[in-house]
Amino acid sequence: MDKQTNHTASQSNTMNSIPKTYKNYINGEFPRTESGRYYSVKDPSDKHIANVGLSTRKDIRNAVQVARKAHGAWTDKTAYNRGQIIYRIAEILSGRREQFIHEMVLLGYTKQAAEQEVNACVELIVYFAGWTDKTTQVFGSINPVASNHFNFSRQESIGVVGIICPETPSLLGMLGLLLPNMVAGNSQVLIASHQYPLPSCTFAEVLATSDVPAGIVNIITGIKTDLIPSISQHMDVDLLVGDESLDTNFRNMCELESASNMKRVYFWKSFISLDELNSTPDKTIANCLNSLKDPYHILYVQEVKTTWHPVSE
Amino acid sequence: MINRIPIDAVGIQERVTRICTRSIKRESKLQALDLALRMMDLTTLEGSDSDGKVRQLCNKALLPYTELPNIPSVAAVCVYPNRVALAKNILKNSSISVASVATAFPSGMSSLQIKLDDVEYAVSEGADEIDMVISRGAFLSGEYTKVYDEIAQIKQACGSAHLKVILETGELGSLENIRMASDLAMKAGADFIKTSTGKISPAASMPVVLVMLQAIRDNYNSTGVKVGMKPAGGIRSSKQAIQYLVMVKETLGIDWLNPSLFRFGASSLANDVLMQWVKEKTGRYQSLNYFSND
Amino acid sequence: MSEKKISDQTNPENRKSIPLDWSYAEALENTSHATFNKSYGLFINGSFTNYDENQSFESINPANGEAIYRCTEASESDVDSAVKAARAAFEGEWGNYSGTQRSHYLYRIARMLQERAREFAVLESMDGGKPIRESRDVDIPLAAAYFFYYAGWADKLAFAFPGKHPKPLGVCAQIIPWNFPLLMLAWKIAPALACGNTVVLKPAETTSLTALKFCELLKDIGLPNGVVNIITGAGSTGEYLVQHPDIDKIAFTGSTGVGKSIQRSIAKRQISATFELGGKGAYILFDDAALNEAVEGIVNAIFFNQGHVCCAGSRLLVQEGVADRVIDLLKKRMQHLIIGDPLDKNTDIGAVNSRTQLDTIQRYVDTGIKEGASCYECSGTLPNKGFYFPPTLLTGVSQSSTVVQEEIFGPVLTIQTFRTTEEAIEKANNTPYGLANGIWTDKGSKIFHVGTKLKSGVVWSNTYNKFDPTSPFGGYKESGKGREGGISGLHAYVKLENSGGM
């Protein structure tokens with residue numbers, strides 16, 4: 001790590017480096033939580049690193065509201081345009097690489113693991129940026145119906161998604177759940193990793209300086225026990241996405257509460273423990289990246305719409 | 001002058017298919033056969049039509065089937081102008097009308113004056129009904145006013161004779177055009193609109209006739225005038241004829257199930273109707289050998 | 001010569017036998033070839049269990065209200081036997097079959113259904129009340145077509161999922177409704193078997209007959225025992241099936257209410273489930289549409305199968321400028337709808353499936369009128385026996401009316417007007433449902449614009465209520481999860497393993 005970046009995000013007490021207040025990211029802005037409460041994020045030696053917003057159901061409510069409002073602006077963009085916007089995220093993330101690595105190291109990552117995770121994140125963003133204008137071609141269909149009709153099926157965004165991020169990998173795990181949804185055209189409310197939220201919060205800064213329209217990605221920090229019931233019960237959330245390793249009680253809660261408005265619920269694997277990350281970063285991150293690069297994840301967070309039209313003179 | 005009304009051919013075909021699933025049995029079938037016969041314009045329009053041929057046709061019109069003297073006679077015979085006087089003479093004591101094609105039938109490719117002369121000649125020979133053709137070339141090149149004016153003038157030339165306007169739908173290219181031509185003909189004074197000359201394939205088809213019936217219905221709704229309909233050509237079986245009657249009933253209502261508002265232009269249909277009639281009465285399937293081939 | 005003028009022929013003196021009201025004589029479908037038993041056991045492991053009067057219920061022909069046969073109410077242990085048989089088949093012979101072998105069985109089923117189509121059509125109409133015209137021309141041919149389509153997938157599954165290895169899920173619990181009994185059976189069983197699963201299927205308690213007759217057909221083609229098990233019964237039987245610990249998949253078609261309770265009941269089991277639930281489809285009719293065809297489309301949208309169609313176009317949204325004209329055309333068209341005996345080939349509207357459903361429809365119409373709607377009903381007398389409801393229009397309703405919000409599942413159309421495209425889209429989407437919507441306009445670009453904005457799994461443009469095995473069908477929002485039909489329909493019956501090809 002070079003000196004300059006060390007200064008930028010360091011928690012040291014030097015005068016030219018000041019600690020950051022980590023806030024929610026809603027509608028392209030960084031509001032404080034409605035409750036005004038916070039929790040302390042600590043390093044492995046239990047030393048305070050930063051205060052992070054302790055959000056409540058009202059923050060979820062606000063985020064869902066803006067996500068719903070913003071949805072049209074995202075899903076109506078051309079696939080090419082969405083691809084470029086997602087690619088732009090990779091450009092900006094790449095430029096702030098050292099900041100993410102620094103925060104990960106603070107949270108207990110080895111430098112090697114942190115570097116590899118950030119590299120993998122850039123790779124994953126670029127990978128998914130390329131899918132925006134291809135999913136319809138791979139998964140859509142023209143259906144040869146036995147009548148004088150032209151009939152085709154294509155994927156469309158579902159709407160507002162609640163994403164429950166895994167604890168680790170702190171950034172790759174989140175992106176693995178977020179990116180298929182962005183490609184799909186959904187707008188999202190993410191519940192960030194509780195114990196390792198800093199990369200998620202800093203990712204919000206990447207989004208804020210990228211071309212992603214406000215309200216499409218909203219990131220909320222806090223305690224899962226507070227936030228999961230709220231998002232899974234919300235009648236204006238169309239889909240819940242989470243990591244397979246999410247605590248069984250939370251998973252069951254998502255499945256149960258989804259019945260209220262027949263939310264779709266999908267879990268896929270994006271979790272790697274910090275121990276694994278640190279002990280065998282090469283292997284675990286490569287495997288995780290490989291399993292996250294699954295275009296079927298995009299398919300699962302979309303709806304299939306079938307259109308009929310007569311064919312005649 | 002006339003609006004172009006969107007028509008979806010697949011939707012029209014679906015309606016037709018549904019109409020064709022109507023199952024007409026027993027007494028309703030006999031009623032339909034009776035009606036079909038009374039709605040028939042027995043037609044001969046050949047360059048080879050001689051006095052003998054016309055005479056045979058008129059006799060068939062008067063007495064379709066000798067075994068059943070009570071069977072109804074047809075509505076009209078339809079001939080070329082120079083055969084009108086003869087037909088008229090044979091049918092003078094009957095209720096059967098004589099229809100004459102005119103206006104440079106079947107192509108309509110002549111001057112308006114010659115068409116008017118043609119009509120006047122047919123009327124002077126005694127024609128009760130004139131079956132004119134529209135100028136399809138003019139219609140297709142967008143000269144709607146010209147087509148309209150021709151019909152209006154020919155209507156005048158008809159005097160008291162009824163005017164059937166043949167659209168020759170097989171040459172109009174689309175259902176939208178057929179609808180537009182129907183509206184135009186009715187607006188110009190047609191008493192009937194008719195599908196075809198019988199010289200062009202395709203002739204009458206159910207989708208085409210459905211579109212024309214809809215035009216008649218809409219015209220009636222907006223003007224209160226009941227215009228008649230005559231499908232011609234291609235209708236050979238009783239089954240088809242009954243399907244047309246179902247279509248008329250379910251599109252225009254019972255008022256149009258009447259020879260004054262609906263006609264079949266056909267030549268071979270008559271014998272099939274007669275065979276079905278006899279079959280219904282006797283329970284035996286019939287052979288054409290027993291029905292006069294006029 | 002004036003006495004021979006055309007106009008004179010309308011004179012009764014000249015033309016004596018002009019029928020003043022030509023109506024269609026009764027044209028009853030022959031039922032002699034459609035035989036069935038007085039009572040049925042359950043079809044488990046390739047044969048029927050013994051029928052037990054004490055554990056049975058009767059099925060009513062809604063056309064006349066008379067009981068026509070009795071079938072067995074499957075108990076918890078019956079359900080267990082059925083699941084065990086399905087499990088054994090999955091782990092035994094059937095599980096080892098190649099896709100080619102499975103496809104051959106499915107093709108045979110399709111062919112047998114085609115051969116016995118008329119018989120099945122008659123039974124479907126007798127048991128459920130739908131007009132023979134529909135069971136003959138739609139339900140049964142389509143059921144065969146679904147089997148034929150999915151038969152072809154059985155040995156081609158690798159091509160349906162690029163980069164993945166599809167594997168069967170195991171034992172599928174399938175519950176189907178009473179509106180399209182055999183067709184829904186086909187939608188469920190064909191893709192499940194094509195993907196290598198085995199099945200326990202429960203038909204609706206008012207319409208078990210064609211499913212039971214279908215078992216005869218399975219015996220005839222020699223489908224291995226236990227691959228398909230049919231258990232009859234009502235809600236409790238369905239619950240036993242859903243709660244059974246050894247099922248791997250639930251496929252449910254029915255009401256949104258029941259769908260939600262199934263979703264809740266399986267929340268802790270992480271079990272694959274697909275749902276086809278209710279709907280409240282909008283039928284958006286723009287002023288530039290082909291109005292005659294659009295009116296015919298309305299008839300198909302709401303009066304098809306007595307309106308017992310989850311994707312029915314039950315809310316007409318018509319642009320103000322043509323509203324009067326459309327309503328007038330529709331009323332005229334409705335005068336020609338024939339309501340009556342489902343077995344008469346000329347019947348357009350048959351019997352409502354049950355007394356309960358008839359009461360529900362009546363209750364909704366009463367509510368509509370109470371809330372200020374004007375009601376127009378098809379004229380004509382209804383049969384004096386059986387359950388019948390005339391095609392009905394409700395005008396003067398608004399977005400907040402109960403009859404606009406809730407699914408009626410009967411031949412009842414609500415009519416609202418709109419002024420602009422945006423207003424139409426907003427009204428169409430303003431519902432928790434999202435199964436199907438219709439768009440009628442002559443303008444292609446408008447179809448794509450509106451079609452993209454509509455939140456529904458199916459968009460019928462310039463047509464309505466069309467179904468095809470190649471065409472995915474299913475809902476957004478509270479209308480369901482997952483698709484049936486087409487390649488999408490296969491997803492519901494496989495688990496995808498990575499093939500490492502990515």
Side-chain angles (χ1 to χ4, degrees), chain A residues 72 75-76 127 138-159 232 235 238-239 244 248-249 251-267 290-296 299-300 302-312, chain C residues 145 161-164 256 259-271 275 277 293 432 434 436 439 444 447-448 451-464 466-483 485-488 491 496 498 500 502:
Chain A
T75 199
D76 287 351
Y127 173 82
V138 174
F139 296 118
S141 60
I142 292 173
N143 309 309
V145 295
S147 58
N148 279 333
H149 293 90
F150 184 73
N151 176 305
F152 62 94
S153 297
R154 64 170 199 174
Q155 285 68 37
E156 283 190 352
S157 62
I158 290 187
S232 61
M235 293 298 278
D238 302 301
L239 166 71
E244 257 177 17
T248 312
N249 288 330
R251 275 192 77 165
N252 291 348
M253 177 186 289
C254 289
E255 294 282 355
L256 182 72
E257 298 295 349
S258 74
S260 56
N261 63 340
M262 293 308 278
K263 285 179 189 69
R264 286 84 178 108
V265 183
Y266 281 106
F267 290 95
N290 193 39
S291 103
L292 291 177
K293 279 186 182 178
D294 185 345
Y296 283 77
L299 188 65
Y300 298 149
Q302 290 186 308
E303 291 284 3
V304 174
K305 178 181 279 179
T306 301
T307 303
W308 293 69
H309 196 278
V311 177
S312 67
Chain C
F161 306 100
K164 298 278 186 183
T256 294
K260 286 180 176 178
S261 75
I262 291 176
Q263 173 61 42
R264 280 190 196 98
S265 74
I266 60 169
K268 291 183 181 168
R269 295 169 58 194
Q270 289 170 21
I271 190 170
F275 297 90
L277 307 176
E293 290 76 86
I439 309 168
I447 287 171
F448 287 111
T452 305
K453 297 283 177 190
L454 291 174
K455 300 278 181 214
S456 62
V458 180
V459 172
W460 280 300
S461 28
N462 291 325
T463 186
Y464 209 94
K466 291 283 180 297
F467 308 93
D468 193 278
T470 66
S471 174
F473 178 93
Y476 281 42
K477 303 196 277 187
E478 293 197 13
S479 286
K481 291 182 188 180
R483 295 292 178 270
I487 288 192
S488 302
H491 279 267
L496 298 180
N498 283 332
M502 288 186 300

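We name chains A, B, ... by the order of the sequence lines, and we start the count at 1 in each one.
Applying the 6.0 Å contact sphere to CZ of C/Phe448 captures no more than 12 heavy atoms from other residues, nucleotides or ligands.
At a threshold of 4.5 Å between non-hydrogen side-chain atoms, the residues A/Phe267 and C/Gln270 do not count as touching. C/Lys477 is not listed as a side-chain neighbour of A/Asn261, based on a closest heavy-atom distance of 4.5 Å or more.
Ranked by heavy-atom pairs shorter than 4.5 Å toward chain C, the options A/Ala259, A/Ser153, A/Ser258 are led by A/Ala259. In terms of heavy-atom pairs under 4.5 Å with chain A, the best-connected choice from C/Ile439, C/Thr463, C/Thr256, C/Ile262 is C/Thr463. Heavy-atom pairs under 4.5 Å with chain A peak, among C/Ser265, C/Ala436, C/Gly474, C/Gly475, at C/Gly475.
Partners of A/Leu299 under the side chain to side chain contact (heavy atoms under 4.5 Å, CB included) rule, at least two apart in sequence or in another chain, are A/Phe139, A/Gln155, A/Tyr296, C/His491.
When heavy atoms are compared at a cutoff of 4.5 Å, A/Met235 approaches chain C solely by way of its side chain, counted from C-beta outward. With a 4.5 angstrom heavy-atom cutoff, C/Leu277 touches chain A only via side-chain atoms. Only the side chain of C/Arg483 has a heavy atom closer than 4.5 Å to any heavy atom of chain A. For chain A, the nearby parts of C/Pro472 are the backbone and the side chain; heavy atoms of each come within less than 4.5 Å. Neither the backbone nor the side chain of C/Tyr464 comes within contact range of chain A; no heavy atoms are under 4.5 Å apart. Contact annotation for C/Leu496: only side-chain heavy atoms (C-beta onward) come within less than 4.5 Å of a heavy atom of chain A. Contacts between C/Ser471 and chain A at a heavy-atom distance below 4.5 Å involve backbone atoms as well as side-chain atoms. Of the atoms belonging to C/Thr452, heavy atoms from both backbone and side chain fall under 4.5 Å from chain A. Residue C/Ile266 does not touch chain A at all, counting heavy-atom pairs closer than 4.5 Å.
For C/Asn462 (side chain) and A/His309 (main-chain N/O), no donor-acceptor pair under 3.5 Å exists by modelled atom type. A donor-acceptor distance shorter than 3.5 angstrom exists from the side chain of A/Lys305 to the backbone of C/Leu454, with no hydrogens or angles considered.
Counting only residues at least two apart or on different chains, the salt bridge (Lys or Arg N to Asp or Glu O under 4.0 Å) pairs with a member in residues 254-265 of chain A are A/Arg264-A/Glu303.
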